[in-house]
Amino acid sequence: MFDLLIVNATLPDGRTGQGIGIRDGRIAEIAPGLQAEAAQIIDAGGHLVSPPFVDPHFHMDATLSLGLPRMNRSGTLLEGIALWGELRPTLTKEAVVERAVRYCDLAVSKGLMAVRSHVDVSDPRLVTVEALLEVREIVAPYLDLQLVAFPQDGYFRHPDAAAALERALDMGVDVVGGIPHFERTMEAGRASVEALCRIAADRGLRVDMHCDETDDPLSRHVETLAEQTVRFGLQGRVAGSHLTSMHSMDNYYVSKLLPLMAEARLAAIPNPLINIMIQGRHDTYPKRRGLTRIPELMAAGIDVGLGQDCVMDPWYSMGTGDLLDVAHMAVHATQLGSQDDKRALFDAVTVNSARIMGLQDYGLQVGCHADMVLLQARDPAEAIRLRPNRLKVIRRGKVIAETAPEVTRLSLPGRPDELDPAAYAPRDAS
């Protein structure tokens with residue numbers, strides 16, 4: 001007997017009519033037409049059952065702070081950093097916790113069950129670190145929160161950042177972060193990459209570095225990050241986030257860079273929504289939009305995970321907590337429009353990001369945690385097109401969130417009484 005049995009499910013790999021049997025919080029069996037006794041049975045109705053969405057790049061200490069201390073009038077990255085610098089000294093632990101937990105409610109409603117959040121350690125009070133360590137414990141039953149020690153104002157540029165970063169790691173932060181392009185010089189940026197990779201190697205930690213988040217094609221710290229990854233034996237444990245300068249680099253240099261990244265098993269985390277919004281602000285026309293070279297990264301065999309980055313904070317006034325919004329934007333911005341392309345981008349907000357974060361027992365295989373999302377869509381490509389309702393969100397075999405199906409009532413002569421957006425899926429989506 002199962003605790004929960006999901007029947008008539010479609011899986012991301014295209015298998016249909018599947019049953020998923022869950023026992024003791026784990027997937028016990030997956031088989032076509034599975035029938036068995038169960039304490040609860042959910043009929044998926046042929047809809048897509050997906051592993052949870054995973055956000056590999058977020059700033060939970062700033063989320064939902066839009067308008068504090070005032071709005072970002074220019075919409076630029078630098079004004080956002082300046083606004084955060086004004087807000088940071090006024091932060092209280094209680095306020096950060098309240099906003100972050102409230103965001104996690106929204107995330108779970110969207111089927112998002114794992115987040116890697118950068119935590120600013122530039123303020124030596126480390127209020128943000130204390131707050132998000134508490135949030136990590138609060139949300140642990142329903143969301144995996146991984147924290148990155150992030151020296152927002154520069155590891156060398158801010159006089160207290162180096163000591164504060166070490167203290168944050170001592171307090172239990174999971175990952176070493178950095179921002180080399182924000183240091184005073186290119187050489188200081190290079191040195192910060194080396195120093196931070198050394199810290200990660202000494203402590204046995206992962207690295208996730210804001211890297212080359214600029215339109216400057218000569219900002220090439222990702223090259224140093226790849227080199228230091230190999231030097232310190234960190235292959236498979238390092239990610240470069242944003243990488244927007246790659247949008248502006250010449251093709252010859254990129255043809256050299258991509259093999260270096262692949263050799264280092266360096267992951268890439270673009271953030272399509274905010275990269276497109278913030279980059280190219282000094283351009284007239286043609287205007288660069290700054291999103292890194294996602295198709296080329298994928299073709300080189302580099303793990304690509306797409307991040308949300310911000311939701312309603314000093315840098316970005318929008319955001320919904322929905323990773324399918326991120327994938328939807330990526331389809332348009334990268335012109336990755338084929339069915340195979342969209343499946344690859346669906347992987348970028350699920351399995352790829354889980355691998356980048358090092359999540360254990362994640363996925364839709366026997367023995368994995370029974371964490372999954374039932375979507376009102378027929379396949380991954382349709383999920384990105386529709387950004388559909390999450391009919392059921394399941395954590396360790398228990399339904400923790402659910403949304404009614406989207407159904408429109410029609411009153412049109414000779415037409416159907418109801419309209420289901422999922423019914424518009426192409427007959428042959430292969």
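Values reported hereafter were calculated over all heavy atoms of this structure, with side chains retained and with hydrogens, waters and symmetry mates removed. Predicted model, so just to flag it, every value in this text is computed and none were measured. Quick note: residue numbers are just sequence positions, from 1.
When only modelled atom types and interatomic distance are considered, Ser122 and Asp120 share a side-chain donor-acceptor pair under 3.5 Å. Under 3.5 Å, the side chains of Ser241 and Asp208 contain a donor-acceptor pair of N or O atoms.
Looking only at side-chain heavy atoms (C-beta outward), Pro51 and Leu364 come within less than 4.5 Å of each other. Using a 4.5 Å heavy-atom cutoff, the side chains of Val331 and Arg385 are not in contact. Contact of the Leu112 side chain with the Arg390 side chain is not registered, since no non-hydrogen atoms from C-beta on lie closer than 4.5 Å. Looking at Asp61 and Trp84, their side chains come closer than 4.5 Å, going by heavy atoms from C-beta outward. Put simply, the side chain of Asp212 does not reach to within 4.5 Å of the side chain of Met246, judged on heavy atoms. Put simply, the side chain of Leu126 reaches to within 4.5 Å of the side chain of Val121, judged on heavy atoms. Residues Leu66 and Asp313 fail the side-chain proximity criterion, which asks for heavy atoms closer than 4.5 Å. No side-chain heavy atom of Leu83 sits under 4.5 Å from any side-chain heavy atom of Trp315.
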Apply side-chain contact (heavy atoms from CB on, under 4.5 Å) to residues Thr16 and Gln18 and explain how you reach the verdict. CA-CA 5 Å; Thr16 60; Gln18 299 295 303; 6.0 Å; no

For the pair Arg116 and Asp55, evaluate salt bridge (Lys or Arg N to Asp or Glu O under 4.0 Å) and give the outcome as yes or no after the intermediate values. CA-CA 6 Å; Arg116 173 182 280 181; Asp55 186 349; over 6 Å; no

Show your reasoning for whether salt bridge (Lys or Arg N to Asp or Glu O under 4.0 Å) applies to Asp325 and Arg387. CA-CA 7 Å; Asp325 280 348; Arg387 289 149 296 160; 3.7 Å; yes

Evaluation steps, side-chain contact (heavy atoms from CB on, under 4.5 Å), between Leu5 and Leu34: CA-CA 9 Å; Leu5 175 62; Leu34 180 63; 3.7 Å; yes

Go through the steps to decide whether Arg395 and Asp371 satisfy the test salt bridge (Lys or Arg N to Asp or Glu O under 4.0 Å), and finish with yes or no. CA-CA 4 Å; Arg395 172 78 168 186; Asp371 301 342; 3.6 Å; yes

Apply side-chain contact (heavy atoms from CB on, under 4.5 Å) to the pair Gln365 and Ile27, showing each step before the final yes or no. CA-CA 7 Å; Gln365 292 88 33; Ile27 298 173; over 6 Å; no

Full working for side-chain contact (heavy atoms from CB on, under 4.5 Å) between His328 and His332: CA-CA 7 Å; His328 188 269; His332 291 86; 3.3 Å; yes

Verdict with supporting geometry, Lys392 and Glu402, salt bridge (Lys or Arg N to Asp or Glu O under 4.0 Å): CA-CA 4 Å; Lys392 307 285 183 185; Glu402 51 190 323; 2.5 Å; yes

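Rounded to the nearest 0.5 angstrom, His221 NE2 and Glu213 CD are separated by 12.5 Å. Expressed to the nearest 0.5 Å, how far OH of Tyr316 lies from NE2 of His59 amounts to 14.0 Å. If you take CG on Leu145 and CE on Met357, they are separated by 7.5 Å, rounding to the nearest 0.5 Å. The CZ atom of Arg237 sits 15.5 Å away from atom CD1 of Ile356, with the distance rounded to the nearest 0.5 Å. Taking CG of Leu306 as the reference point, atom CZ of Phe346 lies at 12.0 Å (rounded to 0.5 Å). The distance from the CG atom of Asn8 to the CD1 atom of Ile41 is 12.5 Å, given to the nearest 0.5 Å.
For CG of Asp250, the number of neighbouring non-hydrogen atoms (other residues, nucleotides, ligands) closer than 6.0 Å is greater than 12. Applying the 6.0 Å contact sphere to CD of Gln335 captures no more than 12 heavy atoms from other residues, nucleotides or ligands. At most 12 non-hydrogen atoms from other residues, nucleotides or ligands lie less than 6.0 angstrom from OH of Tyr424. In the displayed structure, Met298 atom CE is contacted under 6.0 Å by more than 12 heavy atoms of other residues, nucleotides or ligands.
The two residues Val349 and Ala327 have their closest heavy-atom pair at CG1-CB, 4.3 Å. In terms of heavy-atom proximity, Asp283 sits nearest to Lys287 at O-NZ, 3.1 Å. What you find for Gly172 and Arg136 is that their closest heavy atoms are O-NH1, 3.0 Å. The two residues Pro388 and Ala383 make their nearest non-hydrogen contact at CD-O, 3.2 Å. Listed here is the closest heavy atom pair of Ser219 and His181: OG-CB, 3.8 Å. Across all non-hydrogen atoms, the minimal contact from Leu147 to Asp174 is N-OD2, 2.8 Å.
Residue Asp215 forms a side chain to side chain contact (heavy atoms under 4.5 Å, CB included) with just one option from Gln279, His247, Arg281, and that option is Gln279. Only one option out of Thr350, Asp347, Asp303 pairs with Arg355 in a side-chain hydrogen bond (donor to acceptor under 3.5 Å, both in side chains); it is Asp303.
Proximity of a side-chain donor or acceptor of Glu406 to a complementary backbone N or O of Asn389 within less than 3.5 Å is not detected. Counting only distance, with no hydrogens or angles, the side chain of Arg265 and the backbone of Ala262 share no donor-acceptor pair below 3.5 Å. Put simply, the side chain of Glu79 gets close to the backbone of Ser74: a donor and an acceptor are under 3.5 Å apart. Glu86 contributes no side-chain N or O that, together with a main-chain N or O of Pro69, makes up a donor-acceptor pair within less than 3.5 Å. A donor-acceptor pair under 3.5 Å links the side-chain atoms of Thr10 to the main chain of Gly46, judged by distance alone. A donor-acceptor contact shorter than 3.5 Å is absent between the side chain of Arg23 and the backbone of Phe2. A donor-acceptor pair under 3.5 Å links the side-chain atoms of Ser353 to the main chain of Ala348, judged by distance alone. A donor-acceptor pair is defined here as one N or O able to donate and one able to accept, closer than 3.5 Å; no such pair exists between the side chain of Glu183 and the backbone of Ser192. Under a 3.5 Å cut-off, the side chain of Thr63 and the backbone N or O of Val311 do form a donor-acceptor pair. In this structure, the side chain of Gln360 engages the main chain of Gly358 through a donor-acceptor pair within 3.5 Å.
Ring-plane geometry between His57 and His242 is classed as perpendicular, the angle between the planes exceeding 60 degrees on a 0 to 90 degree scale with a lower cut at 30.
Lys342 has no carboxylate O lying under 4.0 Å from a charged side-chain N of Asp379, or vice versa, which leaves the two without a salt bridge. The residues Arg102 and Asp105 are annotated as not salt-bridged, no charged nitrogen and carboxylate oxygen being separated by less than 4.0 angstrom.
Side-chain rings of Phe182 and His210 stay apart, their centers remaining 6.0 Å or farther from each other.
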